[in-house]
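Contents: one structure, followed by commentary.
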Amino acid sequence: MDAYTPNKSDRFTFGLWTVGNPGRDPFGPETRVPMRPTYIVQKLAECGAYGVNLHDNDLIPFGASAAQRDSIVREFKGALEDNGMVVPMATTNLFSHPVFKDGSFSSNDPKVRAFALRKTMDAIDLGVELGAKIYVFWGGREGTEADACRDPRSAIARTRDAMDYLCEYVKDQRYELRFALEAKPNEPRGDIYFPTTGHMLHFISTLAHPEMVGVNPEVAHENMSGLSFVHAVAQAMECAKLFHIDLNAQKIGRYDQDLRFGSEDVRQAFLLVRLLEGTLGGAPYTGPLHFDSHAYRTEDEAGVWDFARGSMRTYKILKAKAKRFDADPEVRALIAEQKDAALDPLLSGYTREKSAKLRGAVLDPEELGRKGLSYEKLDQLMMEHLLGVRG
Ligand code: DIG
Ligand code: MN
Ligand code: MN
C-alpha cells in the first residue's frame with residue numbers, strides 16, 4: 001500500500017473483456033483459461049478497481065433464453081453487491097457474430113439492421129438493469145473492404161437512423177442513460193466509418209437528440225490514425241462531450257494493440273492525465289477511467305492482475321507528477337497566460353469599433369518574430385519531472 005494504490009474514489013474501471021481476454025490472437029489460440037464474470041468482479045475489487053463494464057455477450061451468451069439471462073444477471077448482481085463494485089458503462093457486441101460481418105446499423109440488409117436494433121435494445125435494458133449510466137457504441141464492423149458495396153452516405157444515414165431510434169427508445173423507457181460513440185479508423189474492417197473522434201463529434205451534431213450523445217475516445221484508436229489523442233480529448237472536453245474514455249497504449253502505425261496504459265508513449269500519457277485531471281487549471285474530467293486494454297498473450301492469470309494493477313498505478317503516478325509539474329514555479333512562469341489590457345478586449349466579439357482599433361494598433365511583426373518562447377526549457381522541465389529528477 002502506497003500513494004499509488006488505487007481505491008474506489010479513483011473511478012478506475014475495466015471491461016469484462018479486458019482482464020478476461022484469454023490471449024487469443026489472429027495467429028494462435030487462447031493462452032489463458034477463460035475466467036467467470038463473477039470471479040473477474042471479485043478480483044478487480046481486490047485490485048482496487050471501482051467498476052466493471054460489459055458487452056451484452058460478455059455476460060449473457062448469444063442466444064441465451066430469458067430464464068438463463070435472468071439467472072445469470074441475478075448471480076452477477078450478487079457478485080457486484082458482495083464486492084462493492086458498480087457497472088458505469090455497458091455496450092453491445094455488434095461485431096462478433098457472423099450476422100454482423102458486413103456491419104450492423106450500416107448493413108445493406110434491413111434484416112441485419114433490424115436484428116442489430118433489437119439486440120441493442122435488449123442490451124440497453126441489461127445495462128440499465130445493472131446500473132449503467134453510459135452506453136458505448138463502437139462500430140467495429142461498420143465499414144468496408146470493397147467500398148463499391150454502398151454509397152458511404154447511406155452508411156451515415158442508416159447509423160443516424162439507428163442512433164435517433166435508440167435515443168427515442170431510452171427516452172420512451174425513461175432510462176437515465178447517455179450514449180458515447182467510439183471511433184476507430186480500421187480493424188477489423190479495412191476502413192471503418194466515423195474513423196476519428198472528430199468525425200464522431202460532427203456526426204453527433206446531425207442527430208435528433210445530440211444532447212444525449214457524446215464520445216468515448218480511445219488512446220490506441222486516435223494513435224492508429226497518427227493523431228494527437230490529447231487534442232482529440234481536449235476538443236471533446238471543450239464542447240462537454242467527453243462522456244467516457246478508453247485508456248490504453250499503442251505504438252504508432254501498428255494494429256490495435258490495446259496495451260497497458262502508459263506503457264508506450266509516457267509523454268502523451270502524462271499530458272493526457274494532466275488534461276483529464278485539470279492540473280493546468282481547466283475543468284477536470286469526472287467520468288469513469290476505463291482501461292480498454294489487456295495483458296500480453298505471454299501472461300498467466302497472475303500476469304493479468306499485474307496488468308490491471310500496473311494500469312491503475314501508472315495513472316496515479318502520472319497524476320501526482322502532473323500536480324507537481326503544474327505547481328512548479330518555473331513551469332508556471334513559463335506558461336503564464338500572456339495578458340494585454342489594450343488588445344485582449346479587441347480579440348473577440350467583433351464590432352466595427354473594435355476592428356477599427358485593431359487596425360490602428362501598433363504591432364511589429366519583426367519584433368514579435370524575434371521573441372524566444374523557452375519551450376526547450378519548458379519541455380526539459382517536463383522531462384525532468386517525468387524522469388524523477390525534479391518535483
Ligand atoms: C474496442 O476498443 C471497443 C470495444 O471493446 C467496446 O465496444 C468499446 C467499449 O470500451 N471499446
Ligand atoms: Mn482498441
Ligand atoms: Mn475501446
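Just follow the structure's listing: the first ligand is 1, and inside any ligand the first atom is 1. Because the structure is predicted, anything quoted here is derived from the model rather than measured.
Here the heavy atom of the protein found nearest to atom 9 (C) of ligand 1 is E182 OE1, 3.5 Å. Protein heavy atom nearest atom 5 (O) of ligand 1, with residue, atom name and distance: W17 NE1, 3.2 Å. The protein heavy-atom contact nearest to atom 1 (C) of ligand 1 is D292 OD2, 3.3 Å. Of all protein heavy atoms, the one lying nearest to atom 10 (O) of ligand 1 is D246 OD2, 2.7 Å. Scanning all protein heavy atoms for the shortest distance to atom 4 (C) of ligand 1 gives H55 NE2, 3.5 Å.
Taking the six-membered ring for Trp and the full ring otherwise, F194 and F203 have centroids separated by under 6.0 Å.
Listed by atom number, the atoms of ligand 1 under 4.0 Å from M89 heavy atoms are 9 (C), 10 (O). Every atom of ligand 1 is numbered from 1 in the order shown, and the set under 4.0 Å from a heavy atom of H290 is 10 (O).
Looking only at distances, no side-chain donor or acceptor of H290 sits under 3.5 Å from a matching main-chain atom of T13. Between the side chain of T92 and the main chain of L94, no donor-acceptor pair closer than 3.5 Å is present.
Under the 4.0 angstrom criterion for non-hydrogen atoms, H221 is in contact with ligand 1.
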Kindly determine whether D56 and K119 satisfy salt bridge (Lys or Arg N to Asp or Glu O under 4.0 Å), including the steps that lead there.
CA-CA 9 Å; D56 49 349; K119 188 173 195 283; 2.7 Å; yes
Kindly determine whether Y296 and F307 satisfy ring pair (Phe, Tyr, Trp, His ring centres under 6.0 Å), including the steps that lead there.
CA-CA 8 Å; Y296 304 130; F307 150 79; 8.4 Å; no
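Residue F12 is tested with F261, F291, Y4 for a ring-ring contact (aromatic ring centres under 6.0 Å, His included); the sole match is F291.
Under the 30°/60° scheme for interplanar angles, the aromatic rings of F115 and F62 are found to be tilted.
The number of heavy atoms from other shown groups lying within 6.0 Å of NZ (K101) does not exceed 12. Other residues, nucleotides and ligands contribute more than 12 heavy atoms inside 6.0 Å of the NZ atom of K43.
E182 contributes atom OE2 as its closest N/O/S atom to the Mn ion (ligand 3). The minimum distance between the Mn ion (ligand 2) and any N, O or S atom of D258 involves atom OD1.
Contact annotation: D246 places no N, O or S atom under 2.8 Å from the Mn ion (ligand 2).
Around the Mn ion (ligand 3), the angle linking D292 (OD2) with E218 (OE1) is 90°, rounded to 10 degrees. Angle NE2 (H221) to the Mn ion (ligand 2) to OD2 (D256): 80°, rounded to 10°.
Considering both main-chain and side-chain atoms, W138 never comes within under 3.5 Å of ligand 1 through any nitrogen or oxygen pair.
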